[in-house]
Amino acid sequence: VQLQASGGGLVQAGGSLSVSCAAPGRTFSTYDMGWFRQAPGKEREFVAAIRWTGINLSYADSVKGRFTISRDNAKNTVYLQMNSLKPEDTAVYYCAARFGPGYSWPANTETLYTSWGQGTLVTVSS
């Protein structure tokens, strides 16, 4: 599945930003979707994931209570709402997808995902 991330930008610390990821096609509703991020000089890390059913969610401890992942299967889109942003949230954010039915949860490891978007840059200024 092809993924197209968008919505990144520059925001001040304490502010909010939403990024989205579109996945054109008829199979989006069968995919677990994840968000990962890579800060300058660091390895890519897990941020959040949502089960293909939309029922199960998973978050990294560093973003719990501040970020919310959601999906709209009618629009073939997954969202990441980011509130109370901190300078350490600055990174390129990547969306990822994997076929969901029959596979275990949570899916917090990047090696579990088979498709990746191009990434969108989020910069949080102090």
Side-chain angles (χ1 to χ4, degrees):
V1 58
Q2 290 187 330
L3 304 176
Q4 301 169 335
S6 62
L10 174 65
V11 63
Q12 289 188 332
S16 298
L17 195 66
S18 179
V19 292
S20 61
C21 177
R26 296 177 294 176
T27 58
F28 177 79
S29 61
T30 63
Y31 280 82
D32 294 337
M33 300 297 296
W35 284 100
F36 291 77
R37 68 185 181 185
Q38 187 168 22
K42 295 187 177 182
E43 294 186 349
R44 190 156 56 185
E45 65 176 2
F46 170 75
V47 176
I50 185 167
R51 195 76 156 125
W52 63 281
T53 59
I55 295 175
N56 302 97
L57 309 176
S58 182
Y59 294 97
D61 288 342
S62 60
V63 306
K64 275 181 184 176
R66 300 189 299 122
F67 290 14
T68 301
I69 188 171
S70 62
R71 66 190 297 156
D72 185 340
N73 287 347
K75 296 183 178 180
N76 287 0
T77 302
V78 62
Y79 305 94
L80 185 68
Q81 176 65 40
M82 303 179 286
N83 299 328
S84 302
L85 282 160
K86 306 175 181 180
E88 51 263 43
D89 294 317
T90 294
V92 176
Y93 284 72
Y94 297 90
C95 59
R98 70 155 193 183
F99 184 73
Y103 290 90
S104 64
W105 183 261
N108 295 358
T109 306
E110 62 178 282
T111 55
L112 295 176
Y113 291 86
T114 55
S115 298
W116 291 83
Q118 82 283 8
T120 185
L121 177 62
V122 173
T123 303
V124 184
S125 62
S126 58

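All of these numbers come straight from a predicted model, not from anything done at the bench. As a basis for the values below, the full set of heavy atoms in this structure was taken, side chains included, without hydrogen atoms, waters or symmetry mates.
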- Query: Closest approach of Leu3 and Met33, non-hydrogen atoms and distance?
  - Reply: CD2-CE, 4.0 Å
- Query: Are a donor atom and an acceptor atom from the side chains of Thr77 and Asp72 found within less than 3.5 Å of each other?
  - Reply: no
- Starting at OG of Ser16, measure out to CD of Gln81 and round the result to the nearest 0.5 Å. 5.5 Å
- Message: If I take atom OG from residue Ser62 and atom CZ from residue Phe46, how far apart are they, to the nearest 0.5 angstrom?
- Response: 9.5 Å
- Message: So does Ser126 get a backbone contact from the side chain of Gln12, meaning a donor-acceptor N/O pair under 3.5 Å?
- Response: no
- Task: Enter the distance from Thr114:OG1 to Arg98:CZ here, rounded to the nearest 0.5 Å.
- Result: 9.0 Å
- Query: Are any of the side-chain heavy atoms of Leu85 and Phe67 separated by less than 4.5 Å?
  - Reply: yes
- Message: If hydrophobic clusters are built by linking Ile, Leu, Val, Met, Phe, Trp and Tyr wherever their side-chain heavy atoms come under 4.5 Å apart, do Val1 and Tyr93 end up in the same one?
- Response: yes
- Before accepting this row, confirm whether a basic side-chain N of the pair Asp61/Lys64 lies closer than 4.0 Å to the acidic partner's carboxylate O. yes
- Message: Treating Asn108 as the side-chain partner and Ala60 as the backbone partner, does any N or O pair qualify as donor plus acceptor under 3.5 Å?
- Response: no
- Task: Is it possible for you to check whether Arg44 lies under 6.0 Å from the centre of the six-membered ring of Tyr94, through NZ or CZ, and within 45° of that ring's axis?
- Result: yes
- Would you check if Ser20 and Gln4 make a side-chain contact, meaning some heavy-atom pair closer than 4.5 Å? no
- Item | Ring geometry between Tyr113 and Phe36 (parallel below 30°, tilted from 30 to 60°, perpendicular above 60°) | perpendicular
- Query: Does any non-hydrogen side-chain atom of Asn56 lie less than 4.5 Å from one of Pro106?
  - Reply: no
- Query: Can a donor-acceptor pair be found between the side chains of Ser6 and Thr120 at a distance below 3.5 Å?
  - Reply: no
- Hey, is the main chain of Pro101 close enough, under 3.5 Å, to the side chain of Arg51 for a donor-acceptor pair? no
- Query: Can you list the steps and then say if Ile69 with Val78 is a side chain to side chain contact (heavy atoms under 4.5 Å, CB included)?
  - Reply: CA-CA 7 Å; Ile69 188 171; Val78 62; 3.9 Å; yes
- Task: May I ask you to decide if Val124's main-chain N or O and Thr90's side chain share a donor-acceptor pair within less than 3.5 Å?
- Result: yes
- Once you round to the nearest 0.5 Å, how far does SG of Cys21 lie from CZ of Phe28? 7.5 Å
- Query: Just wondering, are more than 12 heavy atoms of other shown residues or ligands nearer than 6.0 Å to CD in Gln38?
  - Reply: yes
- Query: Could you give the distance from CG (Asp32) to CD1 (Ile50), rounded to the nearest 0.5 Å?
  - Reply: 9.5 Å
- Query: Are Trp52 and Leu80 linked, directly or through other ILVMFWY residues, by side chains that come within less than 4.5 angstrom of each other?
  - Reply: no
- Query: Taking the side chain from Tyr59 and the backbone from Gly65, do they hold a donor-acceptor pair closer than 3.5 Å?
  - Reply: no
- Item | Heavy-atom donor-acceptor pair, Thr53 side chain to Ile55 backbone, under 3.5 Å | yes
- Note on the structure: What one should report as the nearest heavy-atom pair of Pro87 and Ala13 is CD-CB, 4.1 Å
- Task: Output yes when a side-chain donor or acceptor of Arg71 lies under 3.5 Å from a complementary backbone atom of Gly54, and no otherwise.
- Result: no
- Task: Taking the side chain as every heavy atom from C-beta outward, state whether Met82 and Asp89 have any atom pair closer than 4.5 Å.
- Result: no
- How long is the gap from OG on Ser58 to CH2 on Trp105, to the nearest 0.5 Å? 6.0 Å
